[in-house]
There are 2 protein chains.
Amino acid sequence: MLRVSKLTDYATVILTHIAHQPDELYAASDITQSTGVALPTVSKVLKLLSKANLLISHRGAKGGYELAKKPNETNVAEVIAAIEGPIGMTECTTSESTCEQESSCEIKGNWNLINRAVYTALEAVTLADMVVPVRQQEVNVVMPMNKEMNELKVEN
Amino acid sequence: MLRVSKLTDYATVILTHIAHQPDELYAASDITQSTGVALPTVSKVLKLLSKANLLISHRGAKGGYELAKKPNETNVAEVIAAIEGPIGMTECTTSESTCEQESSCEIKGNWNLINRAVYTALEAVTLADMVVPVRQQEVNVVMPMNKEMNELKVEN
DNA sequence: TTCATATAGTACTAAAATAGTCCTATATGA
DNA sequence: TCATATAGGACTATTTTAGTACTATATGAA
Ligand code: FES
Ligand code: FES
């Protein structure tokens, strides 16, 4: 279904939460309380985000995490990459050519184009956008990927 | 990594192959030979594509599969949906609200916007585009999702 | 100095999704 | 009537993901 992992979803929830007050320090335990995600899991996500330099960590008593950049400087593409690693829609585009058909493959180049288009879309959405809730009525709940809804065009 | 499944990758390879000569019938065994993908797997993919009305099947001797539409009328979004089901980047957007936080969730609407942006990107690429090989030099091999390559913008 | 608190890193287990295979039923052209 | 081809479903193995646990290290404050 072309989806992001649960951890990535948590990451966006957590980052959005922090982005509401970008200058505070948040401990993992704070975030557990306000998001409802289990502590070990929150902890795991925070570590990943910190390692990817989206958060800055402070150890020790009174420590915690804070945003490394302003909310409008961190985009969804970065968040996904932080949790799931470098993007590439197909195996051939991520792993350095373990594919035996590579030389004769006609569509690798096309997948790369698709990757870029998707990447551009993801890059356009920042934490600052996420902080502003979108009314659910304004958007369609389920992607009509298998329906005829081609008239649905969006400006990202 | 926000990737499509291997089966989806096979599906694009298979459909691209068929799209080269859109008026012929291809049996599963033909496609195995020309693509190198194992027969049971090819068979599985063809069935899925047929069920999703991207291919038309003909049973019996001299049977096989043909494109249901012209190459420029089938897009990548449809192919992905045929193999992986309806799209939705997060669990909350696909499954009909098994999410207990839904009512208080601020970011669901945002994910829907992201979904649409990605969908639009995928929808813009058709089988007709896939048939024309893209020279690999023209595109970057690995998505620089975690690098600073924001200057890379594409018109899909 | 000591200690409670908080993150860092790693290893491990459990669960879920995916990939791949196989078998039986059905349709159809020769 | 028979060889050929898809339809459909069931099943197994593999891989990926999610979640947990444990040890090490840093730090502010009593
Ligand atoms: S490079 Fe691997 S299938 Fe195209
Ligand atoms: S609706 Fe489920 S986390 Fe937002």
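Both backbone and side-chain heavy atoms feed into the values below; hydrogens, waters and symmetry mates do not. Lettering follows sequence order; numbering is per chain, from 1.
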Quiz item: Picking from D/dA18, C/dT21, C/dG20, which would you name as closest to the side chain of B/Ala38?
Solution: C/dT21
Exercise. Check the distance between C/dT5's P and A/Leu25's CG and give it to me in whole angstrom.
Key: 17 Å
Quiz item: Would a 4.5 Å heavy-atom cut-off, applied to side chains only, mark A/Leu39 and A/Ile31 as touching?
Solution: no
Quiz item: Among all residues two or more places apart in sequence or in another chain, which pass the salt bridge (Lys or Arg N to Asp or Glu O under 4.0 Å) test with B/Lys70?
Solution: none
Quiz item: Pairs in or reaching into residues 15-30 of chain A: which pass salt bridge (charged side-chain N to carboxylate O under 4.0 Å, His left out), with residues at least two apart or in two chains?
Solution: none
Quiz item: Of all the nucleotides listed (C/dT21, D/dG28, D/dT20), which has the minimum atom distance to the side chain of A/Ala61?
Solution: D/dG28
Quiz prompt | Heavy atoms of other groups near A/Glu73 CD, more than 12 under 6.0 Å | solution = yes
Self-check item: A/Lys47 NZ to C/dA6 C1', straight-line distance once rounded to whole Å
Solution: 11 Å
Self-check item: Sugar-phosphate, base or nothing in reach of A/Ser50, heavy atoms under 4.0 Å
Solution: sugar-phosphate
Quiz prompt | Per A/Tyr65 side chain, nearest of listed nucleotides D/dT4, C/dT7, C/dG9 | solution = C/dT7
Exercise. Can you run down the ring pair (Phe, Tyr, Trp, His ring centres under 6.0 Å) pairs that involve residues 59-81 of chain B, sequence neighbours left out, and say none if there aren't any?
Key: none
Quiz item: Under the side chain to side chain donor-acceptor pair (under 3.5 Å) test, which residues partner B/Thr126, sequence neighbours left out?
Solution: B/Asp129
Exercise. Mind calculating the distance between CG (A/Leu39) and P (D/dG19) to the nearest angstrom?
Key: 13 Å
Exercise. Both distances under 3.5 Å, Watson-Crick or G-U wobble: on that basis, could you give the dot-bracket string for DNA chain C, with [ ] for crossing pairs and | for other-strand partners?
Key: ||||||||||||||||||||||||||||||
Quiz prompt | Pair listing, salt bridge (charged side-chain N to carboxylate O under 4.0 Å, His left out) test, anchored in residues 39-67 of chain A, at least two apart | solution = none
Quiz item: Which pairs, with at least one residue in residues 21-63 of chain B and sequence neighbours excluded, count as a ring pair (Phe, Tyr, Trp, His ring centres under 6.0 Å)?
Solution: B/His17-B/Tyr26
Quiz item: Atom CD of A/Glu66 to atom P of C/dA6: distance rounded to whole Å?
Solution: 16 Å
Quiz item: What nucleotide among D/dT27, D/dT17, D/dA5 has an atom nearest to a side-chain atom of B/Ala27?
Solution: D/dA5
Quiz item: CD of A/Gln33 versus P of C/dA6: gap in Å, rounded?
Solution: 11 Å
Quiz item: D/dA7, D/dA18, D/dT6: which one has an atom nearest the side-chain heavy atoms of A/Lys44?
Solution: D/dA18
Self-check item: Touch class at under 4.0 angstrom, heavy-atom based, for B/Leu46 against every strand present
Solution: nothing
Quiz item: Does A/Tyr10 put a side-chain nitrogen or oxygen below 4.0 Å from OP1 or OP2 of D/dG19?
Solution: yes
Quiz item: For B/Ile14 and C/dA19, what is the distance between atoms CD1 and P respectively, to the nearest whole Å?
Solution: 13 Å
Quiz item: Does any non-hydrogen side-chain atom of A/Ile56 lie less than 4.5 Å from one of A/Ser50?
Solution: no
Exercise. Starting at atom CG of B/Leu7, determine the distance to atom P of D/dT15, rounded to an integer number of angstrom.
Key: 15 Å
Exercise. Choose from D/dT17, D/dT4, C/dG9 the nucleotide whose nearest atom is closest to any side-chain atom of A/Ser5.
Key: D/dT17
Quiz prompt | Nucleotide nearest B/Lys6 (side chain, heavy atoms from C-beta), chosen from D/dT6, D/dG19, C/dA19 | solution = C/dA19
Exercise. Take B/Ser43 and A/Pro40, find for each the nucleotide of DNA chain D with the closest heavy atom, and name the residue whose nucleotide sits nearer the 5' end.
Key: B/Ser43
Quiz item: Partners of A/Ser29 by side chain to side chain donor-acceptor pair (under 3.5 Å), sequence neighbours excluded?
Solution: none
Self-check item: Within residues 51-60 of chain A: residues closer than 4.0 Å to DNA chain D (heavy atoms)
Solution: A/Arg59, A/Gly60
Quiz item: What nucleotide, of C/dG20, C/dG29, D/dT20, holds the atom closest to the side chain of B/Lys62?
Solution: C/dG29
Exercise. Using atom CG of B/Asp9 as one end and atom C1' of C/dG20 as the other, report the distance to the nearest whole Å.
Key: 16 Å
